[in-house]
**Q** 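Encoded as structure tokens, here's the structure I'll be asking about.
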Amino acid sequence: MFADSTFEIVATIREDSLNFLNSINPELDIITGDIRADITLGGTFQTPQVKNAELRLKDGKLYLARLQNSIDNVELSADLTSENLISFNVVGESIRPENRGNFLQRWFSGSWSSIDSDEVGGKVRATGTADLTNVLRPRVDVKVEADRVYLNYFLENARLIVSTDNLTITGKDTLLIAGDVGVGGGVNFDFVESEKNLLLAPAVRQEAPFFRYRINVDLLPGFYIRNEDNFNNFDFQVIGTLAVLLEPRQLMEYRGSLDVDGKYLIQGEVFGIRDGQIKFVNPKEELPELDIAASKRKSNYTFELKIDGPLDNPQKDITVIDKNGNALTNMDTKDEMALLLFGVTFNELGSGTDSLLLLKGEELLAQTVLSILERETRSYTGLDQVRLDGQSSYFESELNRKNTPTLSLGKYLTPNLYLEYRSALESSGFGNIPRPSLAWEEGNQIYLQYRLNRNWSFSTSYETTQEGNEKVKLDISWRVEF
């Protein structure tokens with residue numbers, strides 16, 4: 001059609017936003033800021049080439065499709081350094097909201113800064129090259145570094161703090177993403193809503209560019225997973241390493257196991273976890289399986305809870321042990337639950353039912369209020385741990401002062417250094433719900449833990465005992481796997 005098939009196009013862009021990124025990559029949404037680009041394309045229609053390119057972005061904001069938060073203060077510079085090869089450098093930041101929020105959050109952050117002068121973090125940098133020999137399918141070689149970058153995946157109810165110093169993205173038709181990533185923060189599960197949400201359904205990419213993952217994810221101390229379903233209520237702290245693998249046209253795989261601490265609730269009764277793991281038995285299944293042993297002491301009985309099965313619907317078995325250490329075998333489920341909830345067997349509920357139900361109602365009210373307080377306090381203060389624990393019922397404290405409930409406030413000063421303050425609680429007038437006492441008194445404790453790695457940790461504590469004595473304790477903990 002044309003006698004001469006060569007061409008040259010010079011393009012100059014001065015914009016404050018680019019809204020077409022989603023058509024290039026569905027994970028991208030919009031970028032705003034001071035955008036300047038000067039590009040010269042030439043060659044033939046069969047083999048177009050980039051003759052010159054200079055890109056600049058200042059004061060930018062990058063919005064990703066699955067993130068509620070934006071990447072702020074984006075600065076980009078990219079230049080053509082040789083034929084068809086662009087070198088670029090991009091920086092940005094995404095800071096955890098708790099580190100720039102209300103007075104209490106800023107006060108806590110300021111308190112930790114004396115120990116960790118760079119507590120806020122949030123910086124991300126990507127440097128590399130893009131070979132534009134094929135303009136529509138460039139070959140990239142990118143290195144990504146991130147220092148505690150905040151990512152709020154609102155669809156998955158995940159708020160993550162991500163760090164890496166060796167993540168790479170390389171390739172052309174198939175992009176290899178490889179490296180080690182440290183992840184803090186946590187996930188609030190909602191299994192019912194997740195099943196309804198089509199955007200969360202596993203999908204296999206059928207068009208290039210394809211992706212191959214070789215990522216080691218290290219879940220840092222303090223990483224939590226929570227679920228508030230009535231029949232599967234838990235608040236776990238997990239630690240460990242997962243291998244995240246993906247091959248082109250395949251589902252993502254997860255390999256590894258995680259250690260579990262925290263609590264599991266049955267009908268408002270809190271079980272403390274003694275030993276537990278989350279295992280990815282089937283690598284292609286997104287949800288792992290639980291293998292957890294928990295226990296609770298109440299009404300002169302010890303209740304041993306065994307939890308097995310998938311995270312969204314595990315099997316739960318309770319063994320009741322009397323004060324002499326004997327397991328009460330052949331008990332019906334209704335008797336086990338009656339002992340757990342009311343301290344008597346099912347047949348004994350007939351006598352004194354009103355008072356038992358009143359006491360249980362008080363316990364459920366207090367547990368509901370305290371659960372809300374825990375959740376809101378974590379959000380408002382930016383603390384990593386807010387825990388209310390003590391006796392089997394908060395209202396027994398009036399009868400047994402040795403079982404006075406306690407409030408624990410904890411914060412990870414660094415990914416491996418954890419500080420916790422524990423205060424004895426006093427009863428208030430409203431519903432006899434416990435309230436904290438800020439004065440240093442009997443039962444108060446300061447606890448400090450440093451974790452060398454997954455298997456070794458050192459801890460020390462200072463407390464005033466119920467008898468008024470000062471006590472300092474030093475522990476060395478290690479774990480051996482068989």
Side-chain angles (χ1 to χ4, degrees), residues 5 7 9 11 13 18-31 37 39-51 53 55 57 62-67 71 74 76 78-90 124 126-144 146 151 153 155-156 162 164 166-181 197-217 242-255 283-286:
S5 62
F7 74 96
I9 299 176
I13 299 174
L18 296 178
N19 301 317
F20 57 82
L21 299 180
N22 191 259
S23 61
I24 300 175
N25 188 322
E27 295 298 322
L28 303 176
D29 194 1
I30 300 172
I31 190 166
I39 303 172
T40 302
L41 299 177
T44 66
F45 293 106
Q46 292 75 25
T47 57
Q49 293 180 332
V50 178
K51 298 293 187 179
L55 306 175
L57 170 64
L62 173 63
Y63 297 88
L64 302 178
R66 301 172 76 94
L67 283 186
I71 309 299
V74 179
L76 166 68
D79 296 279
L80 189 70
T81 55
S82 61
E83 184 176 357
N84 292 323
L85 188 67
I86 286 183
S87 296
F88 61 86
N89 179 71
V90 57
V124 59
T127 57
T129 60
D131 185 345
L132 301 180
T133 301
N134 184 338
V135 177
L136 299 179
R137 190 66 52 75
R139 180 180 297 278
V140 299
D141 185 354
V142 183
K143 180 180 180 180
V144 179
L151 304 175
Y153 288 92
L155 289 175
E156 295 89 345
V162 177
T164 182
N166 64 359
L167 189 69
T168 59
I169 306 171
T170 57
K172 181 183 175 184
D173 294 322
T174 298
L175 297 179
L176 172 62
I177 303 176
D180 303 309
V181 179
N197 195 332
L198 297 178
L199 294 176
L200 297 180
V204 177
R205 189 178 180 89
Q206 299 294 345
E207 297 180 348
F210 299 105
F211 294 95
R212 176 179 285 119
Y213 290 172
R214 294 292 184 272
I215 305 174
N216 293 318
V217 178
L242 288 178
V244 180
L245 309 174
L246 179 66
E247 291 294 330
R249 295 190 177 93
Q250 300 291 324
L251 289 173
M252 196 176 301
E253 297 185 12
Y254 305 86
R255 299 179 184 271
K284 294 186 183 297
E285 288 288 337
E286 189 172 350

**Q** Using side-chain heavy atoms (C-beta onward) and a distance below 4.5 Å, is Arg212 in contact with Pro248?
**A** yes
**Q** Take Thr133 and Arg139, measure what side chain to side chain contact (heavy atoms under 4.5 Å, CB included) needs, and give me the verdict at the end.
**A** CA-CA 8 Å; Thr133 301; Arg139 180 180 297 278; over 6 Å; no
**Q** Do Ile9 and Thr40 come close enough that some side-chain heavy atom pair is under 4.5 Å?
**A** no
**Q** How many angstroms lie between CZ in Phe211 and OG1 in Thr174, if you round to the nearest 0.5 Å?
**A** 9.5 Å
**Q** Heavy atoms, side chains only, cut-off 4.5 Å: are Ile39 and Leu80 in contact?
**A** no
**Q** Between Thr129 and Ser87, is there a donor-acceptor pair closer than 3.5 Å when you use the side chain of the first and the backbone of the second?
**A** no
**Q** Return the CG to CG distance between Leu85 and Leu132, rounded to the nearest 0.5 Å.
**A** 8.0 Å
**Q** Side-chain contact, heavy-atom cut-off 4.5 Å: Tyr63 with Ile31?
**A** no
**Q** If I take atom CD1 from residue Ile177 and atom CD1 from residue Ile215, how far apart are they, to the nearest 0.5 angstrom?
**A** 6.0 Å
**Q** Atom CZ in Arg66, atom CG in Leu151: separation rounded to 0.5 Å?
**A** 12.5 Å
**Q** Short question: side chain of Asn166, backbone of Asp180 - any donor-acceptor pair under 3.5 Å?
**A** yes
**Q** Tell me the closest heavy-atom pair linking Lys172 and Pro209, and the distance in Å.
**A** O-CB, 3.9 Å
**Q** In the structure I gave you, are the side-chain heavy atoms of Leu176 and Arg214 within less than 4.5 Å of one another anywhere?
**A** yes
**Q** Test Leu64 against Asp29 for side chain to side chain contact (heavy atoms under 4.5 Å, CB included), laying out the working first.
**A** CA-CA 5 Å; Leu64 302 178; Asp29 194 1; 5.9 Å; no
**Q** Set out, in order, the CA-CA distance, both residues' side-chain angles and the distance that settles side chain to side chain contact (heavy atoms under 4.5 Å, CB included) for Phe88 and Thr127, then state yes or no.
**A** CA-CA 6 Å; Phe88 61 86; Thr127 57; 6.0 Å; no
**Q** Check step by step if side chain to side chain contact (heavy atoms under 4.5 Å, CB included) holds for Leu175 and Phe210.
**A** CA-CA 6 Å; Leu175 297 179; Phe210 299 105; over 6 Å; no
